[in-house]
Structures are given as structure tokens and as C-alpha cells.
Amino acid sequence: MRAHGLALALLFAVSPAMADNLVAGLSQDQIQITSSYTGTELIVFGAIENSNTDTPASLPDVVVVIRGPALDMTMRRKVRVAGVWINRDALTLYGMPGYYFVGSGRAIKDVAPEEIRERYQLDLADVEPTSTSTHTPSKAEPYRAAAIRSRTRDGLYEENPLAVEQLGASLFRVRVPIPASVPRGEYTANVYLLRDGMVIGAQATFLDVQQTGIERKIFTFAHQDALLYGLIAVLLAVTVGWLSSVLFRRQ
């Protein structure tokens, strides 16, 4: 619901008279993850209507933002005590996107001014949680930055200034990597049309990333009844360990 609300808010923030200039879609609206899934590629494609009179140099900019399901991330700060690094301070970022991709045709700072980038979160540096476990923004900032760096290293956050491929006077395409480690849930694909640094059109599409087969049943069971799942896992581990010890003693 939070993803739907954000997408609708962004769309209403765009001038309705200009929003029809953009038509976009996804190559698929559902990604099914099985035990053999090693990642895939999502294609965002579209057309800019009424742009035939534009020269290539004056075409509006297209920016694609793929936002994954909201997660609560607890970040910890290590300090050195008596020569040993230990985790001491911790802070929780609520509602951070589990996956974030920003694709544009050139450096995002050249596409939009800072105010627009912050409003629509067109830059990885502008990704914000919905709230934090502290009421002091300055205290939360280094933890937010650390979360962005960590997700970027894991391939779950990416900013690509060369992602938008112009296929003609009005057609475009963006290839979005979806790694195997992406969180399951609902994703929002926002496509923005900008001219002179201002958003003149936007379209939101939703993508579902889910586990399938026996993996989905185990995943659902683990999340719906975590205590029972944990007890069963411990019982299986103890049983396997006991059987192994019996077999080794016989040998």
C-alpha cells in the first residue's frame, strides 16, 4: 500500500495536461523465482508522443526508477575497543526500499536540479526512509548513507547514467538487472519525462516478484509462522546430527 501511495502522489504532482506525452510499459509484470533462478533482466520500454518535431538534441529526458518493497534496516556502527572492533551503536531505518534502480540517458545532475531530484528521489543519494529510530536527522544521516553503500555493494541499488537507449525519434528502452538476491514483494516502476529540469510527464507500473513452487510454500510458512518454522528447523538439524553420529559409530 505504501508503494501505491507514493506512486499516486508522484503522478498527481505532475501537470495533467502534460502527462499524456509519455507512454511506457514493462516486458513482464511478474517475476517468478525458483531454486534455479540466477537473475534476469527487466525491459522498460515506451514512447514519447508528439515528439517527432524535436531534434535529437532537444528531446526530453527519460528517467526510470524501480523501487522494491519497503524494508526496515538496522545499521550498526563499529568502534575499536582495546584493539578489537565491536558493534556498539545501532539505528533502524524504517521503510527503506529493498531494491532501487535509477536509469537515465546522461548524468542525473545534468537532467534535473537538486530540488527535483530530491522530490522524486532521482538520485541514490536522495533515497530516504519513511522514518528512523531517532528524532535527530543529523544522527540518522551516516546510517542512511551506510545503508545505501551496503545495498550498492550487494547489487541491490544501482544508478546508471547510460541506461536509456533511444530507439528513434520517440522510442526508448531501459534494461534493468534483477539479481537473484532481490527481496520478494511488489515493485513500482516509475518513468519520468523531464524537459529543462522539470517533470512534464510520469507513469507508474507495478511489478510482482515472488517465490514459486515448493520454495514459495517454505518462504510463506517461514514468514507466517516463524516460531514453528524455527522449531522444525532445529529439530531437523538435531535429527540429522544424531543420525550422522550413529552411522559414524557403526563404521
Side-chain angles (χ1 to χ4, degrees), residues 2-29 31 40-68 97 99-128 148 151-152 155-178 186-209:
R2 186 179 297 167
H4 281 289
L6 176 61
L8 292 175
L10 293 177
L11 290 179
F12 281 119
V14 179
S15 172
M18 302 297 292
D20 291 339
N21 286 346
L22 177 67
V23 178
L26 305 178
S27 58
Q28 57 194 83
D29 58 10
I31 295 177
T40 188
E41 190 175 68
L42 177 71
I43 306 295
V44 181
F45 58 89
I48 306 170
E49 295 181 346
N50 303 321
S51 64
N52 295 329
T53 58
D54 291 336
T55 63
S58 64
L59 285 173
D61 288 288
V62 173
V63 179
V64 172
V65 178
I66 310 293
R67 186 184 183 102
Y99 175 87
Y100 211 85
F101 173 88
V102 179
S104 55
R106 53 184 176 140
I108 196 66
K109 63 181 181 60
D110 297 329
V111 173
E114 183 178 356
E115 177 187 356
I116 297 299
R117 298 199 306 269
E118 290 181 354
R119 182 186 307 173
Y120 294 94
Q121 295 190 10
L122 302 182
D123 193 325
L124 282 187
D126 298 319
V127 175
E128 294 279 352
I148 293 174
R151 303 298 279 190
T152 301
L156 296 173
Y157 281 13
E158 181 178 345
E159 183 176 323
N160 187 347
L162 301 175
V164 178
E165 304 174 44
Q166 293 291 345
L167 305 179
S170 61
L171 301 177
F172 65 88
R173 176 178 62 194
V174 177
R175 302 177 187 271
V176 182
I178 307 294
E186 187 178 72
Y187 287 60
T188 305
N190 289 303
V191 183
Y192 300 99
L193 191 64
L194 297 94
R195 187 186 292 277
D196 299 325
M198 301 301 296
V199 176
I200 61 173
Q203 183 171 331
T205 308
F206 300 100
L207 169 72
D208 193 36
V209 178

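All values below were derived from every heavy atom in this structure, side-chain atoms included, with hydrogens, water molecules and symmetry-related copies excluded. From a predicted model like this one, the values you see are computed outputs, not experimental measurements.
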inquiry  = Could you check whether any side-chain heavy atom of Leu193 comes within less than 4.5 Å of a side-chain heavy atom of Val199, counting everything from C-beta outward?
reply    = no
Minimum heavy-atom distance Ile108-Glu159, with the two atoms named = CG2-OE2, 3.5 Å
Side chain to side chain contact (heavy atoms under 4.5 Å, CB included) evaluation trace for Arg117 with Lys109 = CA-CA 8 Å; Arg117 298 199 306 269; Lys109 63 181 181 60; 3.9 Å; yes
request  = Decide ring pair (Phe, Tyr, Trp, His ring centres under 6.0 Å) for Phe45 and Phe172; before the verdict, give the C-alpha distance in whole Å, the side-chain angles of both, and the deciding distance to 0.1 Å.
outcome  = CA-CA 6 Å; Phe45 58 89; Phe172 65 88; 8.5 Å; no
query = So do Ile178 and Val176 actually touch side chain to side chain, heavy atoms under 4.5 Å?
reply = yes
task = Would you please say whether a donor-acceptor pair under 3.5 Å links the side chains of Gln121 and Arg67?
result = yes
remark   = Sorted by chain and residue number, the side-chain contact (heavy atoms from CB on, under 4.5 Å) partners of Glu158 (sequence neighbours excluded) come out as Phe101, Asn160, Pro177
ask   = If you round to the nearest 0.5 Å, how far is OG1 of Thr188 from CG of Leu207?
value = 9.0 Å
ask   = What residues form a side-chain hydrogen bond (donor to acceptor under 3.5 Å, both in side chains) with Asp123, not counting sequence neighbours?
value = none
request  = Looking only at non-hydrogen atoms, find the nearest pair between Gly105 and Leu162 and report the distance.
outcome  = O-CD2, 4.4 Å
ask   = Under 4.5 Å between any side-chain heavy atoms of Phe206 and Glu186, yes or no?
value = yes
message = Rounded at 0.5 Å granularity, tell me how far CG in Asp110 sits from CG in Asp61.
response = 9.0 Å
inquiry  = Let me confirm one number: the CD1-CG distance from Ile116 to Leu194, rounded to the nearest 0.5 Å.
reply    = 7.5 Å
note = By side-chain hydrogen bond (donor to acceptor under 3.5 Å, both in side chains), Asp208 pairs with (sequence neighbours left out) Gln210
ask   = Does the pair Val174 and Ile43 meet the rule for a side chain to side chain contact (heavy atoms under 4.5 Å, CB included), with working shown?
value = CA-CA 6 Å; Val174 177; Ile43 306 295; over 6 Å; no
task = Decide yes or no on side chain to side chain contact (heavy atoms under 4.5 Å, CB included) for Ile66 and Val44, but give the supporting numbers first.
result = CA-CA 10 Å; Ile66 310 293; Val44 181; 4.2 Å; yes
Considering all heavy atoms, the nearest Val191-Leu22 contact = O-CD2, 3.3 Å
inquiry  = So, taking the atom named CG in Asn190 and the one named OH in Tyr120, what distance separates them when rounded to the nearest 0.5 Å?
reply    = 10.5 Å
remark   = Residues passing the salt bridge (Lys or Arg N to Asp or Glu O under 4.0 Å) test with Arg175, sequence neighbours excluded, are Glu41, Glu165
remark   = Residues Val65 and Val102: closest non-hydrogen pair is CG2-CG2, 4.3 Å
ask   = Closest heavy-atom contact between Gly197 and Pro113?
value = O-CD, 3.3 Å
More than 12 heavy atoms of other groups within 6.0 Å of Glu114 CD = no
key: CG/Asp29: more than 12 non-hydrogen atoms of other groups inside 6.0 Å   = no
message = With heavy-atom distances below 4.5 Å as the criterion, would you say the side chains of Pro97 and Val127 are in contact?
response = yes
key: Any side-chain heavy-atom pair of Leu122 and Val111 under 4.5 Å   = no
ask   = Which pair of heavy atoms, one from Ser27 and one from Leu42, lies closest together, and at what distance?
value = OG-CD1, 3.7 Å
ask   = Are any non-hydrogen side-chain atoms of Ile48 and Pro60 less than 4.5 angstrom apart?
value = yes
remark   = Sorted by chain and residue number, the ring pair (Phe, Tyr, Trp, His ring centres under 6.0 Å) partners of Tyr99 (sequence neighbours excluded) come out as Tyr187
